[in-house]
Amino acid sequence: MRIAVIAPHWLAVPPPAYGGIEAVLDTLARGLSDAGHDVLLYTNGDSTCPVPTAWTYEHAPGVGIGGVAGELRHVIDAYEAVDGVDIVHDHTLIGPVFAERFRRLSVVTTNHGPFEGELSTLYRAVGRRVPVIAISRHQASLARDIPVAAVIHHGLDPGRFPNGAG
């Protein structure tokens with residue numbers, strides 16, 4: 001299967017330091033590739049994840065740099081680059097809205113934040129067309145009137161992180 005993973009453009013995948021979403025996307029892209037899928041990670045040029053990559057920005061600008069216009073440019077370029085894949089797993093905020101222009105594409109999105117405030121409006125609007133994935137059962141329980149298609153615990157194998165005494 002040809003799968004495109006669209007990462008936010010702010011940080012490299014994997015991140016050089018902090019970057020929870022980027023660490024998850026590194027694990028996801030590697031896992032999909034190891035499972036035999038043809039994976040394209042749309043990210044930034046600083047990314048070192050060992051799968052094929054494409055990008056708009058040669059260097060990660062940093063969180064919030066460039067604002068909405070920077071993310072929108074990244075998303076527009078990403079959807080043009082991945083048109084024709086079997087499925088797109090989009091982890092940006094704007095991408096699932098922009099996906100409406102690409103009706104032939106199967107798109108799924110993961111909400112890495114809360115299902116409240118401004119994000120509730122966003123995911124309520126896109127949830128009719130783009131399946132929304134929650135990162136925990138607790139997060140999904142707070143979605144209220146937002147359709148959550150599935151819960152995927154940030155793509156991590158919980159068995160790799162055993163509970164300790166602390």
(message) Could you check whether any side-chain N or O of Gln139 sits under 3.5 Å from a backbone N or O of Phe115, counting only pairs where one atom can act as donor and the other as acceptor?
(response) no

(request) Would you name the heavy atoms of Gly127 and Pro147 that are closest together and state the gap between them? (result) O-CG, 3.7 Å

(request) For Leu40, check side chain to side chain contact (heavy atoms under 4.5 Å, CB included) against everything at least two apart and list the hits. (result) Pro52, Ala54, Val82

(message) Is the shortest side-chain heavy-atom distance between Asn111 and Ile133 below 4.5 Å?
(response) no

(message) Between Asp38 (side chain only) and Ile3 (backbone N and O only), is there a donor and an acceptor less than 3.5 Å apart?
(response) no

(message) Does this structure show an ion pair linking Asp86 with Arg2, if we count only N-O contacts that are shorter than 4.0 Å?
(response) yes

(request) Indicate, with yes or no, if Val126 and Val88 share a hydrophobic cluster defined by side-chain heavy-atom contacts under 4.5 Å among Ile, Leu, Val, Met, Phe, Trp and Tyr. (result) no

(request) Over all heavy atoms of both residues, which pair between Asn44 and Ala60 is shortest? Give the atoms and the distance, please. (result) ND2-CB, 3.6 Å

(request) Could you walk me through whether Thr43 and His9 pass side-chain hydrogen bond (donor to acceptor under 3.5 Å, both in side chains), step by step? (result) CA-CA 5 Å; Thr43 179; His9 70 290; over 6 Å; no

(message) I need the minimum non-hydrogen distance between Ala99 and Val107, along with the two atoms involved.
(response) CB-CG2, 3.9 Å

(request) Compare all side-chain heavy atoms of Pro8 with those of Ile21 and state whether any distance is below 4.5 angstrom. (result) yes

(message) Is there a side-chain contact between His91 and Val24 in this structure, where contact means two heavy atoms from C-beta onward sitting under 4.5 Å apart?
(response) no

(request) Using a 4.5 Å cut-off on heavy atoms from C-beta on, say whether the side chain of Asp145 contacts that of Arg124. (result) yes

(request) Kindly state each residue pair satisfying side chain to side chain donor-acceptor pair (under 3.5 Å) with at least one member in residues 52-63, sequence neighbours excluded. (result) Tyr42-Thr56, Asp46-His59, Thr56-Asp77

(message) With a 4.5 Å cut-off on side-chain heavy atoms, are Ile135 and Val151 touching?
(response) no

(message) For a quick test of reading the model, state the closest non-hydrogen atom pair linking Val13 to Ala7 and the distance between them.
(response) CG2-CB, 4.1 Å

(message) Between Val148 and Tyr123, is there a side-chain heavy-atom distance shorter than 4.5 Å?
(response) no

(request) Answer yes or no: is there a side-chain heavy-atom contact under 4.5 Å between Leu119 and Pro114? (result) yes

(request) Would you mind telling me which of Leu32, Val39, Leu28 makes a side chain to side chain contact (heavy atoms under 4.5 Å, CB included) with His89? (result) Leu28

(request) State plainly whether the residues Arg30 and Asp26 are in salt-bridge range, i.e. N to O under 4.0 Å. (result) yes

(message) Do Val5 and Leu25 make a side-chain contact, defined as non-hydrogen atoms from C-beta onward lying under 4.5 Å apart?
(response) yes

(message) With clusters defined by side-chain heavy atoms of hydrophobic residues (ILVMFWY) lying less than 4.5 Å apart, directly or transitively, does Phe98 cluster with Val85?
(response) yes

(message) If I compare all heavy atoms of Pro15 with all of Ala23, which pair ends up nearest, and what's the gap?
(response) CD-N, 3.5 Å

